[in-house]
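Okay, so here's the structure we're looking at.
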Amino acid sequence: MHASVHNMPFRICLTQLILAASVLETAAVPGTCDGSTCDGRRRAQSLLERDPNGGRPFITELQTEWAVDVEGGNDKPPYPRPALVREGWRPLNGLWDYAVRPNDFPVTSLAAWEGNIRVPFPLESKLSGVQRLLAPGMSLWYRRSFDLPPANGFWSWMLNFEAVDYYCEVFINSKKVGEHTGGNLPFSFDITSQVWQNSSDINTLVVRVTDDTGSYQMRGKQALDPGGIWYTRMSGIWQTVWIEAVEKEHVKKLLFITEDFQKGSVIANVVLAEPSSDPDGVNIDVTVKSKETQIAQETLRNVKDASPAVRLVIPDPQLWSPSSPFLYNVTVTVWGQDRRVIDTVRSYFAIRTVGSSRDDKGHLRFTLNGEQIFHYGLLDQGWWPDGLLTPPSDDAMLHDISYIKAAGWNFVRKHTKVEVRRFYHYCDIFGLMVWQDQVAASSMKGGESEETRWTRMKDPPTEYEWSDQDSKQFNLELEQMIDLLEFHPCIVVWTPFNECWGQHRTNATAEWLLNRDKGRLINVASGGNFYPIGHIADAHVYPEPNFPFDSKRFDEKFIKVIGEFGGHGMYIAEHSFSPDTGPSWGYDGLAQNLTEFAQKYATSLCNLAKQRNLGLAAGVYTQLTDVEIEVNGLMTYDRKYYKIPVADLKEMHRAFFEGEASACQPWPRHSTTTLQPEVVKPTGVVSAGMR
């Protein structure tokens, strides 16, 4: 019998994260695809019926178990910026007023509101309480009120948006305080001069959003007409909105760079919001703890610039890795010459380095802290049936990360999405490496498809032509993503392009990345179009991994990887996005039962092991979950059904890392009907940066 995992015993504690996995009963190798068959099917449009007037997305009954807490009014999020934790903040999530009007509708005429929308869930999502499409040419308006405590004479009030899709204008008490373009990254406004700072005064916050889901807009898998690998579009506020109190010389950013992992040498970069107005500058204390024991402290005195740095030397350094993800806790205090504390923030760092080296056969391999490591992971798109790109809760994200670690993968490829910041924080804690994609854009012209220019690994490659203006916006969002996420030790690879989607000025983009972050590896175009620049040659082949080793142009300096393979389909009716199997699909059709599905996965692992012996350094299996009608996940879209038990996956992966002979043994190797849940505890983990 097949069981739900709705009540699986995942237990998450903020001071000690515990991985637990519930076990389910389980359930001919097709040839590989070169794009003509598999990719035509995955890009086909959906047969799902939608509102003929375009007003509503397809309505599914699916929802995750965490939706209940959201709908029950639990709107208080954890602290949204774990890399830099500060006291004195207030979330503005919850029910806001909303209205949809034409773009030329003036804010002064907006008197009637249509109802409530739950922030931070996008307009089109079930958890927003609205579930309505925002058409091109229309604006989504938000409104809510808030009060503030009396000012202390030093504070500035920062209004923070973690992400709004796509363009927005922000008004406080009818005065415009700023605007922002780009749907995937945080931004802030200093609203001190616009707010009333008295507990008896009520401030009004209004936000106007437009989102055309246009061709040069960085939007990932969102589509005006979803189907195949393209999903329901989303608009508006989709991550936490919050206010914090800061002083002018507050810490704006921290970055810790491992200088020498063997000696425990780490460079701590402290970025202040602005230089000190005191001619004698400010003083900055950096204190490091291993768990609760202080092990290092440095003081920067009379700092007059806004970006000082200091070298920390950590005794007996403990390194970060998937098997032992050790993190050091940090407190940074800024204080004036009068000894008054200006700012105090909590953070953390890891000691780790990323690189490559050749094995005894001359193949380039990934290294972590100087040791060679094979990367085997999952394609993780981060979509949810009830929140779309917004996770229902932290527990929901932790479920996915816990599952991945418990089953034995060591990384994820975060596919064409920038996650909420806490996702990367949890990957730091759990020791889950991340390959991070830039959010993709399309750049098709009339009569073209993405296949028109997808040359994959062939020579010569092609790319699109973008205008200077559109390319400038792409580069801005890429730079902002690096600025945001470079703090996190879990991220080991940057990927600016995927399968030629919006691929343009490839060499210039790669050169910039290589200079911008010398501590990570660059995979310039996952799946092509391959340009001989960066560190990685990445092929996408479905369903079986099959890197083009016969081409010698990859041998000299590129790490060879399969950035996507697998995609075996398995339809689970009671956990499906669609009520029937009509449009549901996988890359090699749908398995007839769970045994066949598990055997297909085991066969792909065997083939990946054979490829590893030929020089392959990494593989990315598609994918973690079903997404809408794409049913090639290892668990269902609602996260309530595992298609292969976690214990079976763990055994498959143990055999895979052992070698080809073990990986290619027939499956199943034993009965799985009596397996019990297990608890897996990561070692060396501290709850750094958490509230």
Side-chain angles (χ1 to χ4, degrees), residues 81-86 88 154-156 158 160 178 185-190 192 244-260 264-288 296-314 328-353 421 424-425 428 475-489 491 494 511-520 688-689:
R81 189 185 54 212
L84 200 158
V85 178
R86 177 183 289 116
F154 299 104
W155 289 349
S156 295
M158 301 300 297
N160 303 311
L185 298 163
F187 57 95
S188 302
F189 300 114
D190 185 336
T192 309
E244 67 177 336
V246 298
E247 297 200 26
K248 291 186 180 298
E249 296 148 348
H250 65 274
V251 178
K252 185 177 181 180
K253 180 180 178 180
L254 296 173
L255 180 62
F256 300 90
I257 299 174
T258 299
E259 183 181 43
D260 187 325
S265 177
V266 176
I267 303 300
N269 297 275
V270 182
V271 179
L272 302 179
E274 60 181 61
S276 174
S277 58
D278 190 321
D280 294 325
V282 295
N283 305 302
I284 302 174
D285 291 334
V286 182
T287 304
V288 182
Q297 184 176 35
E298 296 290 341
T299 299
L300 292 161
R301 298 190 181 278
N302 306 111
V303 175
K304 299 177 183 179
D305 63 77
S307 55
V310 64
R311 177 178 288 106
L312 304 170
V313 178
I314 307 303
Y328 291 92
N329 289 296
V330 181
T331 300
V332 176
T333 302
V334 181
W335 46 284
Q337 301 302 333
D338 58 358
R339 307 296 299 179
R340 185 180 67 84
V341 173
I342 297 170
D343 195 14
T344 299
V345 295
R346 290 180 287 116
S347 187
Y348 64 94
F349 67 86
I351 299 176
R352 72 105 180 93
T353 60
R421 296 195 235 197
Y424 303 98
H425 176 54
D428 292 340
N475 292 334
L476 175 63
E477 293 189 41
L478 177 62
E479 182 174 10
Q480 289 174 341
M481 181 185 75
I482 305 295
D483 287 343
L484 175 72
L485 299 181
E486 65 181 333
F487 170 90
H488 294 282
I491 297 178
W494 299 117
E511 289 285 1
W512 180 85
L513 268 171
L514 289 166
N515 290 318
R516 175 62 181 77
D517 190 346
K518 299 181 183 299
R520 291 180 174 89

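Because the structure is a prediction, the values reported are computed rather than measured.
Contact between Y348 and P82 at its shortest, heavy atoms only, is CE2-O, 3.8 Å. When all heavy atoms of R520 and I491 are compared, the pair lying nearest together is NE-O, 2.6 Å. For the pair V341 and W335, the tightest heavy-atom approach, listed with the atom from each and the gap, is CA-CB, 4.1 Å. Closest approach of R86 and L84 over heavy atoms only: NH2-CD2, 3.7 Å. Taking all atoms of both residues into account, the shortest heavy-atom contact from V270 to L254 is CG2-CD2, 3.9 Å. A pairwise comparison of heavy atoms in T331 and R346 identifies OG1-CG, 4.1 Å as the closest pair.
Proximity of D190 to V246: side-chain heavy atoms (C-beta onward) are nowhere separated by under 4.5 Å. Residues V266 and Y328 fail the side-chain proximity criterion, which asks for heavy atoms closer than 4.5 Å. Contact of the W512 side chain with the L478 side chain is registered, since non-hydrogen atoms from C-beta on lie closer than 4.5 Å. Between P275 and D305 there is no side-chain heavy-atom pair separated by less than 4.5 Å. The side-chain heavy atoms of H250 and E244, taken from C-beta on, include no pair separated by under 4.5 Å. Taking 4.5 Å as the limit, some side-chain heavy atom of H488 sits within range of a side-chain heavy atom of D428. When side chains are defined from C-beta on, V334 counts as touching V251, because their heavy atoms get closer than 4.5 Å.
How far CZ of R301 is from CD1 of I284: 11.5 Å, rounded to the nearest 0.5 Å. Interatomic distance, L312 CG to T258 OG1, rounded to the nearest 0.5 Å: 10.5 Å. Between the NZ atom in K304 and the OG atom in S277 there is a gap of 12.5 Å [rounded to 0.5 Å]. Distance check, rounded to the nearest 0.5 Å: CG of N283 to CZ of R339 gives 7.0 Å. We find the CZ-CD1 distance between F349 and I314 to be 4.0 Å, quoted to the nearest 0.5 Å. We find the CG-NZ distance between N269 and K253 to be 8.5 Å, quoted to the nearest 0.5 Å.
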Walk me through it: do T333 and T287 pass the test side-chain contact (heavy atoms from CB on, under 4.5 Å)?
-> CA-CA 9 Å; T333 302; T287 304; over 6 Å; no

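Partners of R352 under the salt bridge (Lys or Arg N to Asp or Glu O under 4.0 Å) rule, at least two apart in sequence or in another chain, do not exist in this structure. Residues meeting the side-chain contact (heavy atoms from CB on, under 4.5 Å) test with R311, sequence neighbours left out: E259, S265, I267, V313. Annotation: salt bridge (Lys or Arg N to Asp or Glu O under 4.0 Å) contacts of D285 (sequence neighbours excluded): none.
Between the side chains of W494 and D517, a donor-acceptor pair is found at a separation under 3.5 Å.
For N302 (side chain) and D280 (main-chain N/O), a donor-acceptor pair under 3.5 Å exists by modelled atom type. Remark: side-chain polar atoms of E274 are not paired, donor with acceptor, to backbone N or O of A306 under 3.5 angstrom. In this structure, the side chain of R421 does not engage the main chain of L484 through any donor-acceptor pair within 3.5 Å.
At a threshold of 4.0 Å, the pair R516-D483 counts as salt-bridged, since one of the basic side-chain nitrogens sits closer than that to a carboxylate oxygen.
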